[in-house]
There are 2 protein chains.
Amino acid sequence: MSPTPARTSRAAIVRAARDLLEEGGPDAVTMAGVAARVGVRPPSLYKRVRDRAALLEAVATDAADELATVLSGAAGEPGDPPEERLAGLAHAYRAYARRSPRAAAMLFMDLGPGTHAPLEAAARAARPVVDVAADLVGPDAALPAARVLTSFVHGFTSMELAGAFRLGGSVDDAFELGVTTLARGLRDVAG
Amino acid sequence: MSPTPARTSRAAIVRAARDLLEEGGPDAVTMAGVAARVGVRPPSLYKRVRDRAALLEAVATDAADELATVLSGAAGEPGDPPEERLAGLAHAYRAYARRSPRAAAMLFMDLGPGTHAPLEAAARAARPVVDVAADLVGPDAALPAARVLTSFVHGFTSMELAGAFRLGGSVDDAFELGVTTLARGLRDVAG
DNA sequence: ACCTGAACACCGTTCAAGT
DNA sequence: ACCTGAACACCGTTCAAGT
């Protein structure tokens with residue numbers, strides 16, 4: 001008779017999947033689990049999502065979009081010293097990665113062929129880093145400098161979240177050392 | 001009657017799993033696929049391996065052990081300048097990550113609670129980095145310096161292998177920039 | 001002592017039938 | 001137009017029975 005109204009939404013599904021991801025890792029993101037969270041039966045999910053792989057890709061894209069918002073809010077003022085602005089971006093990323101560790105781990109994970117959506121969103125998120133790097137080393141050297149900085153921050157946080165720093169010593173100090181060494185060093189190399 | 005002789009080995013199983021991983025990603029590592037490769041039926045695998053998760057953990061540990069061999073062979077001579085020795089280690093890691101991209105991605109991946117085996121093997125692999133870092137910045141600052149260097153190299157290679165560097169420019173040059181900036185910068189910070 | 005077929009539980013996915 | 005029960009394929013895992 002009358003068409004039944006939608007009982008859930010793609011956004012609610014992605015949110016439920018992301019919650020399950022953070023609670024129990026990728027294996028915990030089952031179609032049955034997601035369906036139960038949004039109050040629907042598993043087959044209904046396929047009206048909003050192609051399959052489980054596409055759902056995980058949507059979760060990664062969602063996380064990258066959120067990171068983009070976080071970083072644009074942490075880029076500081078154009079008048080501030082670029083070294084300080086870069087440090088602000090680095091700390092904002094680390095705080096984000098601690099808040100959403102499993103989603104952060106998916107940002108640069110290989111999700112199979114044809115999955116550029118998360119990478120494009122991540123590239124958008126990296127925009128402020130390139131901008132501030134341009135202030136630090138000039139427009140020509142901005143891209144490689146941003147790549148170096150992003151690599152360090154991403155690598156450090158993934159190792160940290162994986163529990164790879166187990167030999168003692170202050171992990172905070174090591175992060176600070178990396179940020180300041182790169183900010184100063186990149187400026188000097190370009191200058 | 002007479003006990004049947006072993007028709008495969010744990011090493012062969014791990015090797016087959018690692019091959020499948022590199023060919024098709026984690027999803028391609030099925031117990032049936034591994035069993036077929038080693039010429040046995042799936043239930044027989046459980047004589048050598050607790051379950052699939054333990055098999056993947058063994059693959060990661062195997063890859064980390066191989067990395068340890070690669071890096072100790074690339075640490076250079078004690079007489080060489082530490083900056084050059086660090087660059088050699090960085091390039092050796094990158095070459096290894098390109099040869100075994102999916103296994104490298106598993107090195108610092110969260111494999112669930114109680115899976116320190118790969119992390120311990122990775123720590124062993126990082127030993128030469130700490131040693132050379134000590135030559136560069138002294139024994140007290142060696143650990144944080146090694147953490148910074150390892151984070152950069154790991155982060156850069158994972159982003160590279162995920163296809164995250166899509167804005168043009170020379171990726172090789174960016175890697176070189178990171179390595180030299182860190183080697184010089186860390187030395188100056190400590191000095 | 002290791003191997004296997006058969007069986008089971010679980011999960012992703014499809015589809016015809018309902019409203 | 002969306003939702004669902006039923007069904008199917010596939011995979012991880014167990015176990016009794018073989019040698």
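What's counted below: heavy atoms across the whole structure, side chains too, no hydrogens, waters or symmetry copies. First the proteins, then the strands, lettered A, B, ... as listed; each starts at 1.
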Distance test, side-chain N/O of T30(A) to OP1/OP2 of dC11(C), below 4.0 Å: no
Compare side-chain N and O positions of R7(B) against OP1 and OP2 of dC2(C) and report whether any pair is under 4.0 Å apart. no
Measuring from the side chain of [X] (C-beta onward, heavy atoms only), which nucleotide among [options] has the closest atom?
X      : options                  : result
M31(A) : dT13(C), dT13(D), dG5(C) : dT13(C)
K47(A) : dG12(D), dC3(C), dC2(D)  : dC2(D)
D51(A) : dT14(D), dT13(C), dC3(C) : dT13(C)
R48(A) : dG5(D), dC2(C), dC3(D)   : dC3(D)
V40(A) : dC3(D), dC3(C), dC15(C)  : dC3(D)

Evaluate side chain to side chain contact (heavy atoms under 4.5 Å, CB included) for I13(B) paired with V40(B), printing each intermediate quantity in order. CA-CA 10 Å; I13(B) 289 168; V40(B) 102; over 6 Å; no
Send over the distance from [X] [atom1] to [N] [atom2], rounded to a whole Å.
X      : N       : atom1 : atom2 : answer
I13(A) : dC3(D)  : CD1   : C1'   : 12 Å
R41(B) : dA16(D) : CZ    : P     : 21 Å
R52(B) : dC11(D) : CZ    : C1'   : 9 Å
Y46(A) : dG5(D)  : OH    : C1'   : 15 Å
L55(B) : dC11(D) : CG    : C1'   : 14 Å
L45(B) : dC15(D) : CG    : C1'   : 16 Å

Every stem of 3 or more Watson-Crick or G-U pairs under 3.5 Å that DNA chain C joins, in order of first number, is C:4-8 with D:12-16, C:12-16 with D:4-8
Under the criterion side-chain hydrogen bond (donor to acceptor under 3.5 Å, both in side chains), which of R18(B), E22(B), E66(B) is the partner of S100(B)? R18(B)
Side-chain donor or acceptor of R124(A) paired with backbone N/O of A68(A) under 3.5 Å: no
Under 30°, 30 to 60°, or over 60°: which ring-plane class applies to F175(B) and F152(B), parallel, tilted or perpendicular? parallel
Could you walk me through whether E160(A) and R98(A) pass the salt bridge (Lys or Arg N to Asp or Glu O under 4.0 Å) check? CA-CA 9 Å; E160(A) 179 181 16; R98(A) 287 175 148 181; 2.8 Å; yes
Taking atom types as they are modelled, would you say the side chain of T4(A) forms a donor-acceptor pair with the base of dC2(D) within the 3.5 Å cutoff? yes
Contact class for R50(B) vs. all strands (heavy atom < 4.0 Å): base, sugar-phosphate, or nothing? nothing
Test side chain to side chain contact (heavy atoms under 4.5 Å, CB included) on E83(A) and D135(A); report intermediate values, then the result. CA-CA 9 Å; E83(A) 293 90 339; D135(A) 280 357; over 6 Å; no
For R37(A), the side chain to side chain contact (heavy atoms under 4.5 Å, CB included) test, sequence neighbours excluded, returns A16(A), D19(A), L20(A), E23(A)
